[in-house]
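First up is the structure itself, then whatever we jot down about it.
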Amino acid sequence: NEMSYNDLSRELKTFGMTASDIRDEYIDSLTGRLCGLEMVVMGILSDCQEMGVPEGVRKQLNIAKFILSEMQDRKETV
């Protein structure tokens with residue numbers, strides 16, 4: 001399953017890394033395996049907040065993190 005130059009270029013432009021890198025660094029990370037992908041996403045959103053975003057964006061990111069936390073809690077209680 002070899003990736004074409006156009007696919008690689010698109011991934012690098014979109015993500016700043018390849019999809020394979022995302023799997024290695026985030027999805028298959030220790031946090032991803034032990035705490036779940038919701039926690040990985042919450043960490044990414046927190047990193048975004050630290051980059052300095054307008055107040056409205058910060059609040060929306062917090063709402064997204066809250067929803068992810070609720071998703072994780074509901075998954076654990078099933």
Side-chain angles (χ1 to χ4, degrees):
N1 186 349
E2 201 162 307
M3 180 179 289
S4 75
Y5 175 80
N6 287 336
D7 291 338
L8 178 61
S9 179
R10 181 183 50 79
E11 287 182 4
L12 292 173
K13 184 176 180 181
T14 302
F15 307 123
M17 58 178 41
T18 66
S20 178
D21 291 336
I22 293 170
R23 286 183 196 91
D24 291 343
E25 293 183 33
Y26 293 97
I27 296 171
D28 296 331
S29 69
L30 186 61
T31 301
R33 290 191 319 261
L34 296 180
C35 302
L37 295 179
E38 295 91 349
M39 282 298 286
V40 173
V41 174
M42 284 190 270
I44 294 168
L45 295 174
S46 291
D47 292 346
C48 291
Q49 288 178 303
E50 291 176 14
M51 294 175 184
V53 295
E55 185 66 11
V57 174
R58 184 189 68 77
K59 288 178 179 177
Q60 289 296 108
L61 289 170
N62 281 333
I63 290 169
K65 292 190 314 189
F66 176 80
I67 292 168
L68 286 168
S69 177
E70 290 289 309
M71 289 169 58
Q72 188 172 31
D73 289 347
R74 290 178 186 188
K75 187 168 69 174
E76 289 173 359
T77 59
V78 172

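Computed from a predicted model, the values in this text were never measured in an experiment.
For the atom pair S29 OG and L37 CG, the distance stands at 8.0 Å (nearest 0.5 Å). With rounding to the nearest 0.5 angstrom, the CZ atom of F15 is 4.5 Å from the CD1 atom of I22. Rounding to the nearest 0.5 angstrom, the gap separating the CE atom in M71 from the CE atom in M42 is 9.5 Å.
The closest side-chain heavy-atom distance from Q60 to V57 is not below 4.5 Å. Side-chain contact between N62 and Q49 is present, with at least one heavy-atom pair separated by less than 4.5 Å.
Between C48 and L61, the shortest heavy-atom distance links the atoms CB-CD1, 4.2 Å. Heavy atoms only, all atoms of each residue included: L45 and A64 are closest at CD1-CB, 3.8 Å. Between L68 and V41, the closest heavy-atom pair is CD1-CG1, 3.2 Å.
Counting non-hydrogen atoms of neighbouring residues, nucleotides and ligands closer than 6.0 angstrom, the CZ atom of R23 reaches no more than 12 such neighbours.
Checked by atom type and distance alone, the side chain of Q72 pairs as donor or acceptor with a backbone atom of C35 at under 3.5 Å. Judged purely by atom type and a 3.5 angstrom limit, S9 has no side-chain atom pairing as donor or acceptor with the backbone of Y5. For the pair S69 (side chain) and K65 (backbone), a donor-acceptor distance under 3.5 Å is absent.
Under the 4.5 Å side-chain heavy-atom criterion for Ile, Leu, Val, Met, Phe, Trp and Tyr, I67 and V40 are members of distinct hydrophobic clusters. A chain of hydrophobic side-chain contacts below 4.5 Å, direct or via other Ile, Leu, Val, Met, Phe, Trp or Tyr residues, connects I44 to M17.
Side-chain contact, D21 with T18: a donor N or O sits under 3.5 Å from an acceptor N or O.
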